[in-house]
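Below, chain A is the first sequence line, B the second, and so on; all start at residue 1. These numbers were taken from a predicted model, which means no experiment stands behind them.
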Amino acid sequence: MADELDVIPSITVKEPLDLVRLSLDEKIYVKMRNDRELKGRLHAYDQHMNMILSDVEETITTVEIDEETYEEVYKSTKRNIPMLFVRGDGVILVSPPIRTS
Amino acid sequence: MAPINAGNATKKEMALFFNTLSCLVKNLEKQYILVDLRNELSLYGKVINVDAYMNMEMEDVTLYDTRGQEKALSNFYITARCIRYVHMPERADAMALLTSQLSSMTSTKKDKQKRVYKTSRALRNHADTLKDAYTASKQLI
């Protein structure tokens, strides 16, 4: 039993970006500025959090105020992009793999 | 998949090319691509030049705004900080490109500069002085 455990390579997380490295080639969630969210497979990243994502689903959330009731109405528009380069300065957070059941 | 041809890039720019993903955008030169800007504009055009900071020069550009209006422009320069997304061609394989970049890295090193007579003479004189100093110190002991 102990031998089996030794075989598994221990992946150490020494700095925050190591956690992103663990998410390489996995489907991740990225929160962007301007109420945008991305879900896609992570192919590459760098220290600026520039990223290459594939099979991306972008969700843009906009708030509109109903003219009669003055209620805030959240509207989300989605679009799919096969391969996308995301510039790092717009990234707020990166969340590790989405576990799809 | 050709290695980047960064003609007159400075050392700093080369370092950026090899350490950030800007080399992947650089590789899109001469292709027609779609770029989304931070001010909600999108533009489709041919990439002429990309530098290490990801400033882009494009030509034959069509500009799309949020209302779906189009405008054709012959030349366009984008500063890096205006870019939000760059739509990559679907077949692009980031890993393959990055490995080819890394393998080309060794070949980009400059050859050792040839010594001129002046420098070699200075080095020879320096060696002589050191030798003299060494023998002098030996004699003292």
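- Summarising the geometry, atom NE2 belonging to A/H48 is positioned 6.0 Å from atom CG belonging to B/L16; distances are rounded to the nearest 0.5 Å.
- Of the two parts of B/V25, only the side chain, counted from C-beta on, holds a non-hydrogen atom closer than 4.5 Å to a non-hydrogen atom of chain A.
- Of the listed residues (B/V35, B/T20, B/L34), the one with the most heavy-atom contacts under 4.5 Å to chain A is B/T20.
- The distance from the CZ atom of B/R84 to the CG atom of A/N34 is 4.5 Å, given to the nearest 0.5 Å.
- A single hydrophobic cluster is seen to contain both B/L73 and B/L41, as judged by linkage of ILVMFWY side chains at heavy-atom distances under 4.5 Å, directly or through other members.
- Checked against ring-ring contact (aromatic ring centres under 6.0 Å, His included), B/Y44 has the following partners two or more places apart in sequence or in another chain: B/Y32.
- The nearest pair of heavy atoms linking A/Q47 to B/N19 is OE1-O, 3.1 Å.
- Minimum heavy-atom separation, A/M83 to B/E90: CE-O, 3.8 Å.
- Contact annotation for residues 47-64 of chain B against chain A (heavy-atom separation below 4.5 Å, listed by residue number): B/Y53, B/M54.
- In this structure the side chain of B/Y85 reaches within 4.5 angstrom of the side chain of A/L38, judged on heavy atoms.
- Between the A/R87 side chain and the B/A80 main chain, a donor and an acceptor come within less than 3.5 Å of each other.
- Contacts from residues 68-81 of chain A to chain B, taken as heavy-atom pairs separated by less than 4.5 Å, involve A/R79, A/I81 in sequence order.
- The side-chain heavy atoms of B/H87 and A/L84, taken from C-beta on, include a pair separated by under 4.5 Å.
- Residues of residues 50-60 of chain A placed with any heavy atom under 4.5 Å of a heavy atom in chain B are listed by number as A/N50, A/M51, A/I52, A/E58.
- The number of heavy-atom neighbours closer than 6.0 Å to CD of A/E15, taken from other residues, nucleotides and ligands shown, is above 12.
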